[in-house]
Amino acid sequence: MPRLNLTKRGRGEFAIEDQIVRITSRLVTPFIQVYGIYVIVNGHLSPGGGFSGGAIFGASLVLVALSFNLEVGVKQISHQTSSILESGGALGFVLTGLAAIFLGGSYLANRSAGFPMGQAGELFSAGAILIITVFVGIKVASTIVTLFYNIIEGEK
Amino acid sequence: MVYILILFIIVITLILRFIIGVEAKTLLTFYLLGLIIFLFSFTVAEMPPFGSPDSPAFNEVPRRYLESGVAETGAVNIISSVIIDYRAFDTLGEATVLFVAIAAVIATLKSH
């Protein structure tokens, strides 16, 4: 029978500190994060994209906060950082669209605005699609993390 | 055949209502649900099969995406080229919905 260390939280709630869960999540988290980045960056080549890759990346940060505690999770990515990333992702999307106007196309245009297209099928290709996918991924990941932290803290 | 079915339903209804004692409102709800399921199954049966070339959804718009999507957007993944190039404004709206949702959650939870 595994030994469970119970630490006291507020209002008489106990959090279970399980060594198996902690070590497993510590081992698995970098692989989840690399896979999330892979799904984001390969959005224009393989199934996936900003939304799904950002969800995977955000889930890894949520996993850290769930298996350890909220303080360790906040140490990974602070509230200010996550809200800056959140707003920055949305702003980057809009600014990429505006950049297309300044480059001489319509709003959110890709090829007609003259973004560097590259060879189809390579990693750095498809111009604005890659840029927008990365911004959407950052935004979705930080949205999940911010939502999780705020709801958890709202219970206290 | 149809008359036998209707008679069967009426007998079942009478047994349920007066012998077992199910309420009339509950019975009516179940019959309405059954009617809706019946109609929807017929609608689904009338739909063209998945991936059929003469489906009404396969018109000149998806043909354009499939034929010249790679040349026009440079993305091998056609879905990505649709949601971030052809329909990028729709994706911007989705991102805005996410942003407004998280702003509303923070405003609600931090206020008390």
Side-chain angles (χ1 to χ4, degrees), chain A residues 42-51 54 79 82-83 86-87 89-94 96-97 100 106-112 115-122 124-133 135-136 138-140 142-156, chain B residues 40 43-45 47-112:
Chain A
N42 280 282
H44 57 299
L45 301 176
S46 60
F51 285 97
H79 291 286
S82 69
S83 52
E86 158 107 35
S87 312
L91 204 62
F93 196 154
V94 175
T96 315
S106 55
Y107 187 64
L108 286 168
N110 186 10
R111 161 156 283 194
S112 56
F115 280 101
M117 299 305 284
Q119 186 72 36
E122 284 181 3
F124 293 105
S125 65
I129 292 182
L130 180 60
I131 304 169
I132 291 174
T133 308
F135 279 130
V136 169
I138 291 171
K139 174 162 174 41
V140 172
S142 59
T143 296
I144 287 177
V145 171
T146 315
L147 205 58
F148 179 74
Y149 287 167
N150 273 296
I151 289 173
I152 291 291
E153 285 176 353
E155 282 185 350
K156 284 180 183 173
Chain B
F40 279 9
T43 315
V44 169
M47 279 166 70
F50 181 74
S52 151
D54 43 59
S55 133
F58 187 66
N59 50 20
E60 65 274 5
V61 178
R63 192 171 290 128
R64 162 84 180 264
Y65 292 158
L66 290 175
E67 281 170 359
S68 51
V70 177
E72 282 180 355
T73 66
V76 185
N77 187 2
I78 300 293
I79 296 165
S80 192
S81 75
V82 169
I83 65 168
I84 299 184
D85 197 324
Y86 291 115
R87 298 283 177 266
F89 199 64
D90 184 48
T91 312
L92 181 62
E94 269 178 58
T96 313
V97 166
L98 265 179
F99 187 78
V100 172
I102 186 75
V105 166
I106 290 175
T108 313
L109 288 176
K110 295 270 171 171
S111 61
H112 53 76

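A note on names: the letters A, B, ... follow the listed sequences, proteins ahead of strands, and every chain is numbered from 1. Not measured: the values here are computed from a predicted model.
- With a 4.5 angstrom heavy-atom cutoff, A:F135 does not touch chain B via any of its atoms.
- Atoms OG1 and CD1, from B:T73 and A:I129 in turn, are 4.5 Å apart once rounded to the nearest 0.5 Å.
- For B:A103, no part lies near chain A; criterion is any non-hydrogen pair under 4.5 Å.
- Contact detail for B:A88 and A:F93: the closest heavy-atom pair is O-CZ, 3.9 Å.
- In this structure, the separation between CD1 on B:I83 and OG1 on A:T133 is 7.5 Å, given to the nearest 0.5 Å.
- Counted within 6.0 Å of CD1 on B:I79, heavy atoms from surrounding residues, nucleotides or ligands total 12 or fewer; the atom is thus considered open.
- Of the two parts of A:S87, the backbone and the side chain both hold a non-hydrogen atom closer than 4.5 Å to a non-hydrogen atom of chain B.
- Residue with the most contacts toward chain B among A:G97, A:S46, A:G49: A:S46 (heavy-atom pairs, distance under 4.5 Å).
- Note that CG of B:D85 and CG of A:N110 are 4.5 Å apart. Values are rounded to the nearest 0.5 Å.
- Here A:E86 contributes atom CD and B:I106 contributes atom CD1; the two are 6.5 Å apart, rounded to the nearest 0.5 Å.
- Atoms CD1 and OG1, from A:I151 and B:T108 in turn, are 10.0 Å apart once rounded to the nearest 0.5 Å.
- Residue B:T96 does not touch chain A at all, counting heavy-atom pairs closer than 4.5 Å.
- Closest approach of A:K139 to B:A95, counting heavy atoms only: CE-O, 3.2 Å.
- Residue A:T143 touches chain B through both its backbone and its side chain, counting heavy-atom pairs closer than 4.5 Å.
- With values rounded to the nearest 0.5 angstrom, A:Y107 atom OH is found 5.0 Å from B:L92 atom CG.
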